[in-house]
Amino acid sequence: MQQLIPNLPPQSVIVLDNAPYHSIQIDKPLTPYSVKQDMLLWLHKKGVECNEGMRKTELYALIQPLKPKEKIFKIDNIVADYRHTVLRLPPYMCDLNPLELAWSKMKRFIRECNVTADLSLEKLHATTIDAIQNVTAEDWDGFCRHVETLEKQYWEKDGIVPDVRDSIIINLDTDSDSDNEASSDVSSSSSSPRKTSTEHSTSTTKLPDTNSSCDSRTFSCLFSYEVSSLQTVYRLATKFETDGSVLEKKRPHAATVHTPENIEAVRVALTRSPAKSTRRASADLGISCRSLQRILHADLKLFPYKIAVLHKLTANDKERRVVCCLGSCRR
């Protein structure tokens, strides 16, 4: 920062993210979970009488009236001395920082230069300088335009929620008026041909108006639930009215093959042919290979093995090895 400030034009605006070294606070307020000694020191600096016999809840009750209303950052005071202004980005919104796009291009340049993965410190320093010079003024203008486009999109989405909150109305015909209308429809249908079940369900249930400002996009933005059409919105509402939840019901699991009969069949088959592979046994018994392995390991405690050929030791091998080790030690 001491090198940056002298090179800035007068009364500049410095955009900072929420990195920890940018967010060092002056007189940082304590929390109920702070260490008791820190609470005592903070209160003593403020001239408040307190002692070690007090509990943390009592100390925090004394701290709360003295907590600053706004956060004061150390870097803001340094910049304000030179008549500059600090503008902080929203937390977790790195896509609104054009500098992140510049860093991404620099990292990509260094990654392309490090094909053999043998960058030394000197070579990395030289490659970093080349990467910085590779970011041109035209690139920076493009980064800023991209961020401005994203900001406009965020503002548009942010305005959707309060505008359409009251316009999303899903009519399920549950009020008394709709019941009366349904009864009149039934009485009038006595003189007309009988309707099928599909036609009756369509006539007694109203779908949301497709000309309304409520569409699948606004519904997704409001409820953070992706839908493809208004039919999906209606289906979710109907499911909630019927089941009390929009979650899918758990499907019944398939019948397990882990039965005493199958365990006994596996034991008999491998007792007769111990050298048979699990793949061949699973094909013969009609059991999946994974289920067969689970039966072998968990129930029958059988595990595969391989015969290893080892060198046979004789009576003179021990003396010869001792002599060889002593000779190696002398060398």
Side-chain angles (χ1 to χ4, degrees), residues 1-107 110 121 124-125 128-129 131-132 135 140 143-144 146-162 221-224:
M1 186 59 68
Q2 299 297 336
Q3 297 177 358
L4 174 65
I5 291 178
N7 297 316
L8 292 175
Q11 297 182 354
S12 298
V13 177
I14 303 175
V15 181
L16 297 178
D17 56 11
N18 293 273
Y21 43 83
H22 293 158
S23 305
I24 301 176
Q25 298 184 34
I26 298 176
D27 194 17
K28 183 178 180 179
L30 302 178
T31 65
Y33 306 102
S34 300
V35 181
K36 185 175 181 179
Q37 293 298 327
D38 295 341
M39 291 183 173
L40 292 172
L41 291 175
W42 195 87
L43 290 172
H44 284 314
K45 290 180 181 179
K46 298 293 182 180
V48 179
E49 295 184 359
C50 57
N51 55 69
E52 295 184 357
M54 300 177 66
R55 300 191 176 188
K56 291 178 67 174
T57 54
E58 297 174 344
L59 294 175
Y60 186 70
L62 298 176
I63 291 174
Q64 279 187 314
L66 303 177
K67 290 175 64 175
K69 297 181 179 180
E70 296 182 358
K71 296 180 180 180
I72 303 175
F73 298 100
K74 183 177 180 181
I75 195 171
D76 292 7
N77 288 352
I78 296 175
V79 171
D81 293 340
Y82 294 89
R83 297 183 179 180
H84 297 306
T85 306
V86 171
L87 177 63
R88 296 183 175 273
L89 294 175
Y92 310 109
M93 298 291 287
C94 57
D95 48 353
L96 293 179
N97 188 359
L99 186 59
E100 295 292 340
L101 301 175
W103 278 115
S104 178
K105 184 175 182 180
M106 292 170 54
K107 292 176 183 177
I110 296 174
L121 185 60
L124 177 61
H125 184 268
T128 304
I129 294 176
I132 295 174
V135 180
W140 183 254
F143 299 155
C144 293
H146 177 72
V147 170
E148 290 174 358
T149 303
L150 283 180
E151 186 178 1
K152 291 179 181 178
Q153 294 177 359
Y154 289 153
W155 275 112
E156 292 175 359
K157 291 182 180 179
D158 185 71
I160 289 175
V161 176
C221 295
L222 184 61
F223 296 104
S224 300

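For this chain, numbers begin at 1 and follow the sequence in order.
- Scanning all heavy atoms of the two residues, the minimum distance from L30 to Y60 falls at O-CE1, 3.6 Å.
- Note: F143 and W140 have perpendicular aromatic rings, judged against thresholds of 30 and 60 degrees for the angle between ring planes.
- Remark: K74 NZ to Y21 OH distance equals 15.5 Å, nearest 0.5 Å.
- Put simply, the side chain of H84 never gets that close to the backbone of V79: no donor and acceptor are under 3.5 Å apart.
- Between V48 and H44, the closest heavy-atom pair is O-ND1, 4.0 Å.
- For the atom pair CD (E151) and OG1 (T149), the distance works out to 10.0 Å, reported to the nearest 0.5 Å.
- Looking at N77, L16, V13, V15 one by one, the single match for side-chain contact (heavy atoms from CB on, under 4.5 Å) with V86 turns out to be L16.
- The 12-atom threshold is exceeded at CD of Q64, counting heavy atoms of other residues, nucleotides or ligands nearer than 6.0 Å.
- Of all the heavy atoms in L96 and V147, the pair that sits closest is O-CG1, 3.3 Å.
- The line from NZ of K56 to CG of D38 is 9.5 Å long, rounded to the nearest 0.5 Å.
- Taking CG of L4 as the reference point, atom CD1 of I14 lies at 5.5 Å (rounded to 0.5 Å).
- In this structure, S104 contributes its side chain and E100 its backbone to no donor-acceptor pair below 3.5 Å.
- Atom CG of D95 and atom CG of L150 lie 5.5 Å apart (nearest 0.5 Å).
- Remark: K71 NZ is loosely packed, at most 12 non-hydrogen atoms of other residues, nucleotides or ligands lying under 6.0 Å away.
- Contact of the R88 side chain with the S23 side chain is registered, since non-hydrogen atoms from C-beta on lie closer than 4.5 Å.
- Contact annotation: the side chain of D17 approaches that of H22 to within less than 4.5 Å [non-hydrogen atoms, C-beta and beyond].
- When all heavy atoms of L59 and K36 are compared, the pair lying nearest together is CD1-CG, 3.9 Å.
- To the nearest 0.5 Å, atom CD1 of residue I72 and atom CG of residue D76 are 9.5 Å apart.
- Closest approach of W42 to K28, counting heavy atoms only: NE1-O, 3.9 Å.
- Taking every heavy atom of both residues into account, I110 and A131 meet most closely at CG1-CB, 4.0 Å.
- Under the 4.5 Å side-chain criterion, counting only non-hydrogen atoms from C-beta, K46 is not in contact with L62.
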